[in-house]
Amino acid sequence: QVQLVESGGGLVQPGGSLRLSCAASGSPLDYSVIGWFRQAPGKEREGISCYSRVEDRAYYADSVAGRFTISRDNAENTVYLQMNSLKPEDTAVYYCATVATGSAWWWPMRAADFASWGQGTQVTVSS
């Protein structure tokens, strides 16, 4: 399995920005999709954005489209989530996860399709 380590979370005021990082072990060829989920207290885990290596395409949930941008650095095997115009409802633990190469997945993202997970990083949006 791919080992994933997230970083970059923290406390930010509404309207502010944060950039999350997800460093993956091994090779980018080990996974076909890498994405971000988030889970707020008392709520289900929500898939918010992912990048499909095979399609060379990014996907975004309606809740973050136009505000969040996923990007990657293949040389560093790292994926980023740039989060702008943050709202209090963006407060959650953010997780990075991957779909193993050769495994099926669908959009909207389903946690069950993602085999490897990071430990999560807390994002708190509050004044």
Side-chain angles (χ1 to χ4, degrees):
Q1 284 191 340
V2 177
Q3 304 299 315
L4 302 167
V5 179
E6 302 101 331
S7 61
L11 173 64
V12 64
Q13 292 187 342
S17 298
L18 280 176
R19 189 177 80 155
L20 305 183
S21 300
C22 172
S25 64
S27 164
L29 298 179
D30 293 334
Y31 52 84
S32 59
V33 178
I34 186 165
W36 292 91
F37 289 79
R38 67 184 181 186
Q39 188 165 22
K43 295 189 176 182
E44 292 187 358
R45 192 165 293 192
E46 176 192 14
I48 57 172
S49 180
C50 67
Y51 168 71
S52 167
R53 182 177 56 79
V54 174
E55 299 175 90
D56 191 19
R57 174 187 172 179
Y59 292 79
Y60 298 96
D62 289 344
S63 57
V64 305
R67 300 188 297 124
F68 291 10
T69 302
I70 191 169
S71 62
R72 70 213 181 275
D73 182 333
N74 283 338
E76 297 293 329
N77 202 9
T78 298
V79 169
Y80 304 96
L81 186 68
Q82 178 67 43
M83 306 186 296
N84 298 329
S85 302
L86 283 162
K87 306 174 182 179
E89 52 263 43
D90 295 317
T91 295
V93 178
Y94 284 68
Y95 298 91
C96 179
T98 60
V99 177
T101 297
S103 296
W105 78 287
W106 284 269
W107 178 263
M109 299 159 66
R110 304 182 309 176
D113 294 333
F114 288 72
S116 297
W117 291 80
Q119 81 288 353
T121 185
Q122 176 70 46
V123 172
T124 302
V125 184
S126 175
S127 55

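These numbers were taken from a predicted model, which means no experiment stands behind them.
Expressed to the nearest 0.5 Å, how far OG1 of Thr78 lies from CD1 of Ile34 amounts to 8.5 Å. Distance check, rounded to the nearest 0.5 Å: CG of Asp113 to OG of Ser103 gives 8.5 Å. For the atom pair OG1 (Thr69) and CE (Met83), the distance works out to 11.0 Å, reported to the nearest 0.5 Å. Here Leu81 contributes atom CG and Tyr60 contributes atom OH; the two are 7.5 Å apart, rounded to the nearest 0.5 Å. Taking CZ of Arg45 as the start and CZ of Arg110 as the end, the distance is 15.5 Å to the nearest 0.5 Å. From Leu4, atom CG reaches atom OG of Ser116 across 6.0 Å, with rounding to the nearest 0.5 Å.
A side-chain donor-acceptor contact under 3.5 Å links Ser49 to the backbone of Tyr59. A distance-only check finds a donor-acceptor pair linking the side chain of Glu6 to the backbone of Gly120 [under 3.5 Å].
The same ILVMFWY cluster, assembled from side-chain heavy atoms under 4.5 Å apart, contains both Val2 and Ile70. When the side chains of ILVMFWY residues are joined at heavy-atom separations under 4.5 Å, either directly or via intervening members, Leu86 and Val64 end up in a single hydrophobic cluster. Placement of Ile48 and Val12 within a single hydrophobic cluster is found when ILVMFWY residues are connected by side-chain heavy-atom separations under 4.5 Å, directly or transitively.
Looking at every heavy atom in both residues, Ser127 comes nearest to Pro14 through N-CD, 3.7 Å. When all heavy atoms of Thr91 and Ala40 are compared, the closest pair comes out as O-CB, 3.6 Å. Across Gln82 and Ser17, no two heavy atoms sit closer than the pair NE2-CB, 3.9 Å. Pairing each heavy atom of Gly35 with each of Phe114, the nearest pair is N-CE2, 4.2 Å.
No side-chain heavy atom of Arg38 sits under 4.5 Å from any side-chain heavy atom of Val123. The shortest distance between side-chain heavy atoms of Ser52 and Trp107 does not fall below 4.5 Å. With contacts defined as side-chain heavy-atom distances shorter than 4.5 Å, the pair Asp90/Arg67 qualifies. Using a 4.5 Å heavy-atom threshold, the side chains of Tyr51 and Val79 count as separate. Using a 4.5 Å heavy-atom cutoff, the side chains of Ser7 and Thr121 are not in contact.
A side chain to side chain donor-acceptor pair (under 3.5 Å) with Tyr31 holds for exactly one of Thr101, Thr98, Asn77; it is Asn77. With Phe37 as the partner, the ring pair (Phe, Tyr, Trp, His ring centres under 6.0 Å) test is satisfied by one option alone out of Tyr95, Tyr94, Trp117: Trp117.
Around CD of Gln119, the count of heavy atoms belonging to other residues, nucleotides or ligands within 6.0 Å exceeds 12.
A salt bridge is absent between Asp30 and Arg53; no separation between the charged side-chain nitrogens and carboxylate oxygens falls under 4.0 Å.
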